[in-house]
Student: 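One structure is given below, represented as structure tokens, and several questions about it will come after.
Note that the structure is predicted; figures quoted are calculated from it, not measured. Values reported hereafter were calculated over all heavy atoms of this structure, with side chains retained and with hydrogens, waters and symmetry mates removed. Residue numbers count from 1 along this sequence.
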Amino acid sequence: MKKSLSLLLAGAVLLSACSSPETSQTEASTEPTTEAATTAAAEEPASTEASAQEEGLKDGTYVATGSGYGGDVEVTLTVAGGKMTGIEITGGNETSLVQKRMLPVLEERILEAQSPVVDSVSGATFTSFAVKKAVAEAAKEAGTDFGEITMTTAGPQEEAKELDPVTTDLVIVGGGPAGLGAAIAASDAGLTDIIVVEKLDILGGNGKFDMNFFDLINSKAMIEAGNEMTKEEFIASKESSWDSPERIQAWADGEWELDEWLRGFGVELNYNYGGTNHMAEADAYAGEEILDGMEAKVKELGIDVRTGTKGFDLIVDESGKVTGVKVQNKNNTYDINAKAVIIATGGFCNNKDLLAEYAPGYEVMNTSNQMGATGDFVKVFEEKGYALDHMDTMSVFANIIVPRRDLTGGADLSLEVNAEGQLMVHEGTSLDRGKTILEQTGRSVFYITDQTGYDSFYRIRKHVGLGYYSQGETIGELAQALGIDGDQLQATVDEYNSNVPEGKRAFDQEGPYYGVKVEAANHMTKGGVLANENAQVLTTDKEVVEGLYAAGEVTSTSGAYSAAVVFGRISGTKAAEYILGQ
């Protein structure tokens, strides 16, 4: 019994990840956010009342197909003894790394409530909507009508409560690469009582979507490729960084041993494709490999991980020592008292108010950063007198897919054209580029490449395979598929080929050709709280804040994904040494 649902899941996703200006390879989350979707998500969730028919659910297996963000989502609902007993996604094209993490959480909620009228899984809101609506349709076929499921459908509101405090040795706020790296390192250093809180319902931050893990040196893949870099060469490559010499040295030391550490718990980055760029394999992204390994290791170590739990303030004693963190889970708040705290909450790309305040002008653009990057501790740091540094420094990624938020590009040759088929030539800053794109028809432009470009880079091939790109055997067919002026596009390609820039190749004379709508996006906030080489947070007077550490995009750093793991490890190790030395 199949029902076809029409769930309109579109929009540009805002998503922490890390990228170098030349080689960033972050993949998107399935969490799209148009302005309308953002507004709807920000509103108070509206519970949908179930209107169950008296006959209840009839035993059987029911299938409903819904249109999710990555394509159709086919959901199988099993009913036994008049109750929902199982939910399975049996088809579809959703992002597997999100899907496999969100479905167990959502299935537990639906089966416990015996209703699809439950909270969506944060970090996978649109896929949750698709699954909940499909379950509702399947349940209707089974004999129970739960009413209309919308994007704001949520479970019953719980009464707000202040719960009893809990006590631990170390609390880590943030379950992305830095936070999980810190947890594993702290355990390696001898701590056994560790709590990790993550405000979303799934772990991994933006790192889980990354294709590229760069800045890694002394890796097995680099050595086998004969592409080696010394620590001294690495340090020299960071001479334009604003990080202190001591932090750069710690960074180099950490990158040197990072591959061996990752391989110690099964994370293998076996493909080095030039410079310090690494993927898991030639056709497998680094991010999913790293998160899978980190999650498995954290579980093996028995570390207490509390998802859906947001840290919102620090607990500080009269001497200025940090002694814990205040957290919220649903409507429940409580204190976690600890001997040390690590903040690894990411940046603030997904908070337009903070962007307007600290990096004015950038708030007009969308972001490729994950939905949790809202700068939850920025004002906490400021109010407590901790140093904020480089808050106006941004990393802008040239092309994210519209209406998705996947990073794209990387072909050895591409052209960027507007809806009129005219070549875009950008001047000025990355912000200027982003604003110029927003001034074009449809507030976007088109990234086009040829078969040689398709063959040159895995990410293009992956996105074409997933159906994100339009295709045409001729330039005219591609223009028609993209909805742009075909005659002008052909003239633009001809003009380019008649004046090929030195060192570049001509566009292929024969198809197929590929194209996708794109915009520029805020990728990372590079500023944040100031931390030293030991990941200790500093005050505005450059004094160490006792008991407080920070790592990743929440800090002021020129580093990115691998640096987040490096300083996550440092923060966990140093916090453990501090605690065990008391």
Student: Any luck finding a side-chain donor-acceptor pair between Asp201 and Thr307 under 3.5 Å?
Tutor: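 There is no such pair (donor and acceptor under 3.5 Å, judged by atom type) between the side chains of Asp201 and Thr307.
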Student: Do Glu533 and Ser244 get their side chains close enough for a donor-acceptor pair, meaning under 3.5 Å?
Tutor: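 Judged by distance alone, the side chains do not pair up.
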Student: Is any side-chain heavy atom of Leu191 closer than 4.5 Å to a side-chain heavy atom of Leu580?
Tutor: yes
Student: Do we see a donor-acceptor contact under 3.5 Å between the side chains of Asn534 and Arg247?
Tutor: no
Student: When you check the gap from the basic side-chain N to the acidic O, do Asp304 and Arg306 get nearer than 4.0 Å?
Tutor: yes
Student: Donor-acceptor pair, Asn532 side chain versus Ala535 backbone, under 3.5 Å?
Tutor: yes
Student: Is Lys199 salt-bridged to Asp376, cutoff N-O under 4.0 Å?
Tutor: yes
Student: Would you mind reporting whether Ile235 and Gln249 have side-chain heavy atoms less than 4.5 Å apart?
Tutor: yes
Student: Any non-hydrogen side-chain atom of Asn218 less than 4.5 Å from a side-chain atom of Asp259?
Tutor: no
Student: Tell me yes or no: between the side chains of Asp389 and Ser556, is some donor less than 3.5 Å from an acceptor?
Tutor: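 Short answer, yes.
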Student: So do Thr61 and Leu77 actually touch side chain to side chain, heavy atoms under 4.5 Å?
Tutor: no
Student: Evaluate the salt bridge (Lys or Arg N to Asp or Glu O under 4.0 Å) criterion for residues Lys238 and Asp215: first the C-alpha distance (whole Å), next the side-chain angles of each, then the deciding distance (0.1 Å), finally the verdict.
Tutor: CA-CA 10 Å; Lys238 303 303 178 184; Asp215 276 341; 3.0 Å; yes
Student: Using modelled atom types and a 3.5 Å cut-off, is there a donor and acceptor pairing between side-chain atoms of Ser120 and backbone atoms of Ser128?
Tutor: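 Side chain of Ser120 to backbone of Ser128: no pair is present.
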Student: One pair to check against side-chain contact (heavy atoms from CB on, under 4.5 Å): Ile400 and Tyr447. What are the steps and the verdict?
Tutor: CA-CA 10 Å; Ile400 66 168; Tyr447 178 96; over 6 Å; no
Student: Is a side-chain donor-acceptor pair under 3.5 Å present for Gln451 with Asp455?
Tutor: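 Gln451 and Asp455 do have a side-chain donor-acceptor pair below 3.5 Å.
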Student: Could you tell me whether the side chain of Asn337 reaches within less than 4.5 Å of the side chain of Ile315, counting heavy atoms only?
Tutor: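 Answer yes - side chains close enough.
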Student: Start with the C-alpha distance between Phe209 and Val98, add both sets of side-chain angles, then the distance that settles side-chain contact (heavy atoms from CB on, under 4.5 Å), and finish with yes or no.
Tutor: CA-CA 9 Å; Phe209 302 107; Val98 170; 3.6 Å; yes
Student: Decide if the gap between the ring center of Trp251 and the ring center of Phe234 is smaller than 6.0 angstrom.
Tutor: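 Under 6.0 Å, so yes.
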Student: Measure across Leu203 and Leu291 and return the closest heavy-atom pair with its distance rounded to 0.1 Å.
Tutor: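 Answer, listing the atom of Leu203 first, then Leu291: O-CD2, 3.7 Å.
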Student: Specify the closest pair of heavy atoms between Val325 and Asp313, including all atoms of both residues, with the distance to one decimal.
Tutor: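 Looking at all heavy atoms of both residues, the shortest contact is CG2-O, 3.0 Å.
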Student: Grab the two heavy atoms, one from Glu198 and one from Gly176, that are nearest each other, plus how far apart they are.
Tutor: OE1-N, 4.3 Å
Student: Main chain of Leu538, side chain of Tyr386: is a donor-acceptor contact present, judged purely on distance under 3.5 Å?
Tutor: no
Student: Output the distance between atom OH (Tyr549) and atom CZ (Phe567), rounded to the nearest 0.5 Å.
Tutor: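 Output value for this atom pair is 14.5 Å.
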Student: Short question: side chain of Glu260, backbone of Leu262 - any donor-acceptor pair under 3.5 Å?
Tutor: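 No, because the side chain of Glu260 does not come within donor-acceptor range (under 3.5 Å) of the backbone of Leu262.
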Student: Using only heavy-atom distances, determine whether the side chains of Ser562 and Glu255 contain a donor-acceptor pair under 3.5 Å.
Tutor: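 On atom types as modelled, these side chains qualify, holding a pair under 3.5 Å.
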Student: Around atom CD of Glu233, are there more than 12 heavy atoms from other residues, nucleotides or ligands closer than 6.0 Å?
Tutor: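 Counting other residues, nucleotides and ligands, CD of Glu233 exceeds 12 neighbours.
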Student: Let me confirm one number: the CD1-CD distance from Ile87 to Glu107, rounded to the nearest 0.5 Å.
Tutor: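 If I round to the nearest 0.5 Å, the distance is 5.5 Å.
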Student: Determine whether Thr127 and Gln99 satisfy the following criterion, side chain to side chain donor-acceptor pair (under 3.5 Å), listing intermediate values before the conclusion.
Tutor: CA-CA 8 Å; Thr127 306; Gln99 182 174 287; over 6 Å; no
Student: Any salt bridge between Arg101 and Glu295, counting N to O under 4.0 Å?
Tutor: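 A salt bridge links Arg101 with Glu295.
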Student: If you compare all heavy atoms of Ala183 against all heavy atoms of Ile303, which two are closest, and at what distance to 0.1 Å?
Tutor: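 Smallest heavy-atom distance, with atoms named: O-CD1, 3.6 Å.
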Student: Specify the closest pair of heavy atoms between Ala64 and Ala134, including all atoms of both residues, with the distance to one decimal.
Tutor: CB-O, 3.3 Å
Student: Do Phe457 and Tyr273 pass the side-chain contact (heavy atoms from CB on, under 4.5 Å) test, and can you show the C-alpha distance, the side-chain angles, and the key distance before you say yes or no?
Tutor: CA-CA 10 Å; Phe457 200 55; Tyr273 59 104; 4.2 Å; yes
Student: Measuring from Ile172:CD1 to Ile194:CD1, what's the distance to the nearest 0.5 Å?
Tutor: 6.0 Å
Student: Is Thr85 reaching over with its side chain to a backbone N or O of Thr78, donor-acceptor style, under 3.5 angstrom?
Tutor: yes
Student: Among Thr276, Asn272, Asn277, which one satisfies side chain to side chain donor-acceptor pair (under 3.5 Å) with Asn227?
Tutor: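 The residue from Thr276, Asn272, Asn277 that satisfies side chain to side chain donor-acceptor pair (under 3.5 Å) with Asn227 turns out to be Asn272.
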Student: Examine distances only and state if a side-chain atom of Thr555 and a backbone atom of Thr557 form a donor-acceptor pair shorter than 3.5 Å.
Tutor: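 Not at all, since once roles are kept as given, no pair shorter than 3.5 Å links the two residues.
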Student: Less than 4.5 Å apart, side chain to side chain, heavy atoms only: is that true for Asp193 and Leu170?
Tutor: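 Sidechains of Leu170 and Asp193: no contact.
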Student: First locate atom CG of Leu314, then atom CG of Leu548, and finally report the distance between them rounded to the nearest 0.5 Å.
Tutor: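 One gets 6.0 Å once the value is rounded to the nearest 0.5 Å.
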Student: Is Glu112 paired with Arg109 through a side-chain N to carboxylate O contact shorter than 4.0 Å?
Tutor: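 Judged by the 4.0 Å cut-off on N to carboxylate O distance, Arg109 and Glu112 do not form a salt bridge.
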Student: Can you classify the ring geometry of Phe377 versus Phe381 as parallel (below 30°), tilted (30 to 60°) or perpendicular (above 60°)?
Tutor: tilted
Student: Just wondering, do Asn366 and Asn522 contact through their side chains at under 4.5 Å, heavy atoms?
Tutor: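 Of all side-chain heavy-atom pairs linking Asn366 with Asn522, none is under 4.5 Å.
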Student: Whether Glu577 and Lys574 form a salt bridge (side-chain N of Lys/Arg under 4.0 Å from carboxylate O of Asp/Glu) is what I want to check.
Tutor: yes
Student: For the ring pair Tyr514 and Tyr469, is the centre-to-centre distance below 6.0 Å?
Tutor: no
Student: Going through the checks in order, is the salt bridge (Lys or Arg N to Asp or Glu O under 4.0 Å) test met by Glu546 and Lys339?
Tutor: CA-CA 10 Å; Glu546 186 178 357; Lys339 296 174 182 176; over 6 Å; no
Student: Minimum heavy-atom separation for Ala551 to Ser571, with atom names?
Tutor: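 Residues Ala551 and Ser571, closest heavy atoms: CB-OG, 4.1 Å.
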Student: Which of these passes side chain to side chain donor-acceptor pair (under 3.5 Å) with Asn270: His278, Glu281, Glu224, Lys220?
Tutor: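 Answer after filtering His278, Glu281, Glu224, Lys220: Glu281.
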Student: Could you check whether Thr367 and His523, counting side-chain N and O atoms only, form a donor-acceptor pair closer than 3.5 Å?
Tutor: no
Student: Kindly compute the distance separating CG (Leu216) from CD (Glu257), expressed to the nearest 0.5 Å.
Tutor: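 Those atoms lie 11.5 Å apart.
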Student: For residues Val298 and Ile184, determine if any side-chain heavy atom of one lies less than 4.5 Å from a side-chain heavy atom of the other.
Tutor: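 Yes, their side chains come closer than 4.5 Å.
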Student: Drop me the distance from Ser219's OG to Leu269's CG, to the nearest 0.5 angstrom.
Tutor: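 Separation between the atoms: 8.0 Å.
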Student: Passes side-chain contact (heavy atoms from CB on, under 4.5 Å), Leu530 versus Val537? Steps please.
Tutor: CA-CA 6 Å; Leu530 193 62; Val537 171; over 6 Å; no
Student: A cation-pi test, strictly: NZ or CZ of Lys462 under 6.0 Å from the centre of the six-membered ring of Tyr285 and no more than 45 degrees from its axis. Yes or no?
Tutor: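 Output yes; distance and angle both within limits.
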Student: Could you tell me whether Lys297 and Asp292 have a side-chain N and a carboxylate O separated by less than 4.0 Å?
Tutor: no
